Amino acid sequence: MSDAETLFERIIAREIPADIVYETDDTLAFRDINPQAKTHVLVVPKKRYRNVAELAAADPRLLAEVVTTAAKVAELEGLTRDGYRVVFNTDEHAGQTVFHVHAHVLGGEQLGFFGRYSGQGG
Ligand code: 5GP
């Protein structure tokens with residue numbers, strides 16, 4: 001896969017299947033294939049930026065739409081009563097693996113603390 005195209009562009013183009021939960025003109029939300037919580041949805045802008053910092057610098061309106069879509073997903077998935085987490089992994093130390101900016105929306109159960117590498121994959 002070239003640097004110019006990531007897996008998520010292929011999901012956005014419907015070239016590979018995903019369990020889509022919500023869509024706007026400029027964003028797409030779909031379930032993570034390897035969920036880290038009872039509910040784990042990814043929100044991506046359809047236009048590709050490498051990470052959240054690049055998105056924020058280039059198109060703050062689109063970043064706002066990504067966050068608004070994450071909030072909508074939380075509402076649709078019934079997460080707003082007990083709360084949820086929104087995460088943008090950014091580059092190597094955060095373990096970013098797909099270089100098309102995405103928000104992880106996690107919830108549906110009590111989440112653990114996070115931060116330091118546990119030595120067990122996260
Ligand atoms: P990152 O580690 O870059 O923050 O997150 C990438 C996420 O994409 C991971 O949580 C991973 O499970 C998810 N992922 C990787 N491949 C696929 C796929 O083919 N389909 C879906 N729905 N999620 C994927």
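In each ligand, atom 1 is the first atom listed, and ligand 1 is the first ligand listed. Remember, predicted model here, so these are calculated numbers, not experimental data.
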### Query
According to a 4.5 Å side-chain heavy-atom criterion applied to Ile, Leu, Val, Met, Phe, Trp and Tyr, with indirect links allowed, do V98 and V105 form part of one hydrophobic cluster?
no

### Query
Is the side chain of Q110 donor-acceptor paired with the backbone N or O of G112 at a distance under 3.5 Å, no angle test?
no

### Query
Using heavy atoms and a threshold below 4.0 Å, how should the contact between R31 and ligand 1 be classified: side chain, backbone, both, or neither?
backbone

### Nearest-neighbour protein heavy atom for atom 3 (O) of ligand 1, which is reported as residue plus atom name and distance
T97 N, 2.7 Å

### Query
Any heavy atom of Q36 sitting closer than 4.0 Å to ligand 1?
no

#### Entry: Heavy-atom nearest neighbour in the protein, as seen from atom 16 (N) of ligand 1, with distance rounded to 0.1 Å
L7 CD2, 3.1 Å

### Contacting atoms of ligand 1, where contact means under 4.0 angstrom from a heavy atom of H102
1 (P), 3 (O), 4 (O), 5 (O), 6 (C)

### Task
Using distance alone, with no hydrogens and no angle criterion, decide if T68 and E65 have a side-chain donor and acceptor under 3.5 Å apart.
no

### Query
With distance as the sole test, does R14 use its side chain to make a donor-acceptor pair with the main-chain N or O of I12 at under 3.5 Å?
yes

### Task
Please confirm whether G95 comes under 4.0 Å of ligand 1, counting heavy atoms of the residue only.
yes

## Note on the structure
Per-atom filter on ligand 1: closer than 4.0 angstrom to a heavy atom of F30 are 22 (N)

### Summary
Checking D26, T24, T27 against V66 for side-chain contact (heavy atoms from CB on, under 4.5 Å), the one that qualifies is T27

### Query
Are E23 and K46 ion-paired here, with the side-chain N under 4.0 Å from a carboxylate O?
yes

### Task
Pick one of side chain, backbone, both or neither for how D19 approaches ligand 1, counting any non-hydrogen atom pair under 4.0 Å.
neither

### Summary
Judged by heavy atoms only, the candidate from V44, T90, I33 nearest atom 20 (N) of ligand 1 is I33

### Message
Between E54 (side chain only) and V101 (backbone N and O only), is there a donor and an acceptor less than 3.5 Å apart?
### Response
no

### Query
Counting each atom of ligand 1 from 1 as listed, which ones have a heavy atom of F8 under 4.0 Å away?
8 (O)

## Note on the structure
Within 4.0 Å of some non-hydrogen atom of N34, the atoms of ligand 1 are 12 (O)

### Task
Using heavy-atom distances, let me know which of D32, I11, D91, V87 sits nearest atom 13 (C) of ligand 1.
D32

### Query
Does the ring centre of H104 sit less than 6.0 Å away from the ring centre of H102?
yes

### Query
In this structure, are over 12 heavy atoms from other groups packed under 6.0 Å from E92 atom CD?
no

### Query
Is there any N or O on I16 that sits under 3.5 Å from an N or O of ligand 1?
no

